[in-house]
Protein chains: 4
Amino acid sequence: MADDAPSFQSDDVISGAAQGRLKSFIERIERLEEDKAAVSEDLKEVYSEAKGEGFDVKILRKVVRIRKQDKAKMSEEEALIELYMSAIEG
Amino acid sequence: MADDAPSFQSDDVISGAAQGRLKSFIERIERLEEDKAAVSEDLKEVYSEAKGEGFDVKILRKVVRIRKQDKAKMSEEEALIELYMSAIEG
Amino acid sequence: MADDAPSFQSDDVISGAAQGRLKSFIERIERLEEDKAAVSEDLKEVYSEAKGEGFDVKILRKVVRIRKQDKAKMSEEEALIELYMSAIEG
Amino acid sequence: MADDAPSFQSDDVISGAAQGRLKSFIERIERLEEDKAAVSEDLKEVYSEAKGEGFDVKILRKVVRIRKQDKAKMSEEEALIELYMSAIEG
DNA sequence: GCTTGGGGCGTTCGAC
DNA sequence: GTCGAACGCCCCAAGC
């Protein structure tokens, strides 16, 4: 392990500097989790709004899911082509 | 698959306006899901960076989780206090 | 909870009858896990054999995965149609 | 390179024969994966049935896992005994 | 050893 | 409100 990456994984006293970095990491993580929760909340609202306009949420979800699968499949196919290419070049 | 909404096979034809709203909903949902995925990605990066500085990711996650529980608990308690206060004042 | 489904989830003494059923469940599970392990072993052998004939295992796996995605997507689409149908009928 | 292990990793077209073998491999793999999925499904059913009779699934899994470890350990010990035996007899 | 895939677990969402 | 099912998250193990 690099000198600037000491292990704090067990039986260590954490230095003041490490403490500061730890605090910073925790804050960044908690901020991001808040963001994520906010986005999830927005999603729920959109579904709710759609429902309020008469759309079937279940169907909506499935449509989104299928479109997601489409994209995933396309990505996989592109990755496969990449594999083929690299296999040929190798 | 065609971009437009699938046609229903009975006399329930979706109006052009409804079609537009549907499309809008789908787009908003997909945009939000992308956001969510991006945030998740950022989270992974932060954990990865922390790991690179020697912090134990598993422990880090536990700490975040515990702090979250603490906050939830405090909110509950504050709500309860509010309730008592209002009961007294009322 | 139903009378014929008592909870053995904590601080209970297990009756002789329950003991017998438990033993039976464990045996069935272990038998199935053996089967599963055997199938996994067969799979490994097939991949190994394919590799021995010059095929790229990584590509093979990806092809299988993509075909699986195809099927899953088709199933989803069929399910979506079902949903549409039921929505119309409702 | 040996005739029975041609490389498909560079600039060749896959022969009809190779194509046939490839198809065969894919089919065997997919058949085995179906088997595996079926067994997994059976396992789920058994756990579900056990749950219906009041057993705790999580604990059940742990028990199975521990027994598996025990058996592995016994096999190790038996192998060690075999080794000692052969050493003595040799 | 590092990363990628599989399995288990908890949570969340929809159905009844 | 309870139930089961689906989803994402996390851990572990195997492969490169």
Distance-only check: which donor-acceptor pairs under 3.5 Å involve side-chain atoms of residues 33-47 of chain D, not counting sequence neighbours?
| residue | atom | partner | partner atom | Å |
| --- | --- | --- | --- | --- |
| D/Asp35 | OD1 | D/Arg31 | NH1 | 2.4 |
| D/Ser40 | OG | D/Lys36 | O | 3.2 |

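- Look at CD on B/Glu33: it is 14 Å from C1' on E/dT12, rounded to the nearest Å.
- Distances shown here put a side-chain N or O of C/Lys36 below 4.0 Å from the OP1 or OP2 atom of E/dG7.
- Distance CG/C/Leu60 to NZ/C/Lys62: 12.5 Å, rounded to 0.5 Å.
- Between the CD atom of D/Glu41 and the P atom of F/dA6 there is a distance of 10 Å, rounded to whole Å.
- Side-chain N/O atoms of A/Lys68 include one lying less than 4.0 angstrom from OP1 or OP2 on F/dG8.
- Note: CD1 (B/Ile59) to P (F/dC10) measures 14 Å, nearest angstrom.
- Judged by distance alone, the side chain of A/Ser24 and the main-chain N or O of A/Gly20 form no donor-acceptor pair under 3.5 Å.
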Check residues 48-56 of chain A and write down every donor-acceptor pair under 3.5 Å in which the side-chain atom is one partner and the other belongs to a residue at least two apart or another chain.
| residue | atom | partner | partner atom | Å |
| --- | --- | --- | --- | --- |
| A/Glu49 | OE1 | B/Arg28 | NH1 | 3.4 |
| A/Glu49 | OE1 | B/Arg28 | NH2 | 3.0 |
| A/Glu49 | OE2 | B/Arg28 | NH1 | 3.4 |
| A/Glu53 | OE1 | B/Arg21 | NE | 2.2 |
| A/Asp56 | OD1 | A/Lys58 | N | 2.8 |
| A/Asp56 | OD1 | A/Ile59 | N | 3.1 |

Protein-nucleotides 11-16 of chain F N/O pairs under 3.5 Å:
| residue | atom | partner | partner atom | Å |
| --- | --- | --- | --- | --- |
| F/dG15 | OP1 | C/Lys44 | NZ | 3.4 |

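- Atom CD1 of D/Ile66 and atom C1' of E/dG8 are 15 Å apart (whole Å).
- Within a 6.0 Å sphere centred on CD of B/Gln69, other residues, nucleotides and ligands contribute more than 12 heavy atoms.
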